[in-house]
Number of protein chains: 2
Amino acid sequence: MSRPPRERADAVAAVAEIFREFGFEGASLSAITARTGLGKGSLYHFFPGGKEEMAAAVLAEIDGWFTRTVFAPLRDDPDPEAAIARMLRETDAYFRSGRRICLVGAFALDGTRDRFAARIGGYFTAWRRALADAVARSGRGEAMERAEHAVLAIQGALVLARSLDDPGVFARMLARIERDLLSPETHDRPN
Amino acid sequence: MSRPPRERADAVAAVAEIFREFGFEGASLSAITARTGLGKGSLYHFFPGGKEEMAAAVLAEIDGWFTRTVFAPLRDDPDPEAAIARMLRETDAYFRSGRRICLVGAFALDGTRDRFAARIGGYFTAWRRALADAVARSGRGEAMERAEHAVLAIQGALVLARSLDDPGVFARMLARIERDLLSPETHDRPN
DNA sequence: CTCTGTCTGTACCGATTGGTACAAAGCCCG
DNA sequence: CGGGCTTTGTACCAATCGGTACAGACAGAG
């Protein structure tokens with residue numbers, strides 16, 4: 001056992017990794033107690049609502065982290081291009097270049113979505129909107145379309161990188177969306 | 001040996017939808033018996049290996065369908081642009097414009113991946129390669145990069161469409177990758 | 001018809017599930 | 001020290017898990 005967490009925040013972080021590995025249904029209480037080093041007593045003391053409350057806490061923590069370090073700069077930084085560069089950098093670090101999964105996206109794909117629909121929807125709505133704002137503030141057109149595609153590409157790259165067991169997928173995707181986000185001309189070419 | 005049990009194919013299709021809805025761990029035997037109408041006896045007659053064999057059969061069926069109706073034309077159709085158009089059309093239909101999930105992608109995101117790593121990797125490898133082949137045959141550059149991004153964008157759009165409960169995400173993504181796949185120039189060279 | 005092998009419903013299995021009860025243990029403050 | 005809170009381990013629970021055993025229903029072939 002690695003380290004027995006003494007605080008709820010540590011427990012949240014540990015539980016998050018278990019959900020990442022096994023999914024919501026697959027994360028059994030016994031796996032959680034084993035990996036966190038916490039007994040059921042402590043676990044249900046921190047999270048009286050059981051697994052559901054654990055997952056809610058994890059999602060809230062993820063949402064908070066992204067809001068603080070990615071979404072807010074995207075909206076508020078006077079230099080929108082710097083904020084976009086920061087997003088790319090932080091995203092690469094957070095997802096370990098595609099070796100780590102997006103728990104929000106993973107939850108969205110199975111029945112777990114219905115339990116946390118609001119949080120999941122809110123997370124992606126915030127990301128898309130914040131990024132679109134930065135793109136628009138940088139004076140480029142098609143801000144919403146570009147932002148949506150960038151957010152979606154990140155999620156897809158996580159799926160594909162893990163499927164192919166190739167982090168290069170994630171790196172290539174980041175380079176591409178940076179280009180697409182910052183390219184001056186609009187993409188639409190009718191005919 | 002005797003006749004290929006036609007009922008089994010129906011069972012595979014029904015089981016696939018249950019996996020889509022609940023994930024591998026979340027799909028309980030009781031849910032499967034309830035939704036398929038098959039008792040445990042029939043189920044274990046068709047799939048002596050239990051859930052694992054059911055999932056393997058489902059993945060094989062999906063892989064076969066895509067190989068037949070998408071990958072093969074991409075590689076063999078003398079008109080590669082028509083094959084790409086067909087891929088886009090079939091993909092939209094298969095995933096119900098983003099209302100249906102890619103089971104292969106969903107399995108890739110949690111611990112289920114390890115059980116079926118070969119199948120999952122093979123599926124995406126085949127898709128990427130077939131699409132890259134069509135792009136290259138159509139005389140365009142950066143075939144592998146464009147193909148990889150298109151495949152990844154489809155997966156990401158499924159995640160995002162479901163998260164936001166907005167099929168429009170999928171439609172917009174299809175339009176964008178069609179443009180990117182067929183645009184004559186590389187992106188950093190505006191004409 | 002009977003025979004034969006393919007199907008299928010049901011009862012049952014041990015193990016594990018998420019969750020509760022509760023008492024002992026630690027801890028802080030007086 | 002002692003009392004009162006928070007924290008924890010353990011025993012326990014009904015329900016469900018995936019899976020097995022098996023007897024009978026069912027067909028097709030003779």
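Naming convention: chains lettered A, B, ... in sequence-line order (proteins, then strands); numbering from 1 in each chain.
Here D:dG9 is the nucleotide among C:dT20, D:dG9, D:dG18 with the atom lying nearest to any side-chain atom of A:Ser42. Taking only side-chain atoms of B:Ser30, from C-beta outward, the nucleotide of D:dC17, C:dG18, C:dT8 with the closest atom is D:dC17.
Residues B:Arg8 and B:Ala57 approach most closely at NH2-CB, 3.6 Å, considering heavy atoms.
In this structure, the side chains of A:Glu148 and B:Met173 stay at 4.5 Å or more apart for every pair of heavy atoms. Contact annotation: the side chain of A:Leu74 never approaches that of A:Asp133 to less than 4.5 Å [non-hydrogen atoms, C-beta and beyond].
We find that A:Arg35 and A:Glu17 are not joined by a salt bridge, their nearest charged nitrogen and carboxylate oxygen being 4.0 Å or further apart.
Between A:Gly41 and B:Leu38, the residue whose closest nucleotide on DNA chain C is further toward the 5' end is B:Leu38.
Between the side chains of B:Arg140 and B:Ser138, a donor-acceptor pair is found at a separation under 3.5 Å.
Atom pair B:Leu43:CG and C:dT8:C1' shows a separation of 11 Å (rounding to whole Å applied). When the P atom of C:dT8 is taken as reference, atom CZ of B:Arg8 falls 13 Å away, rounded to whole Å. Atom pair B:Leu29:CG and D:dT20:P shows a separation of 10 Å (rounding to whole Å applied). Residue B:Lys51 contributes atom NZ, which lies 4 Å from atom P of D:dG18 at whole-angstrom precision. Straight-line distance from the CZ atom of A:Phe47 to the C1' atom of C:dT20: 18 Å, rounded to whole Å.
Near DNA chain C, meaning a heavy atom under 4.0 Å from it, residues 15-25 of chain A has no residue at all.
As judged by a 4.0 angstrom heavy-atom cut-off over every strand, A:Ala31 is placed among residues making no nucleic acid contact.
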After noting the C-alpha distance and the side-chain angles of A:Arg119 and A:Asp63, does the key distance pass the salt bridge (charged side-chain N to carboxylate O under 4.0 Å, His left out) rule?
CA-CA 8 Å; A:Arg119 259 258 134 72; A:Asp63 198 38; 3.8 Å; yes

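A:Ser28 has no side-chain polar atom (N or O) that falls below the 4.0 Å cut-off from OP1 or OP2 of C:dT16. For B:His45 and C:dT8, the shortest distance from a side-chain N or O to OP1 or OP2 is not below 4.0 Å.
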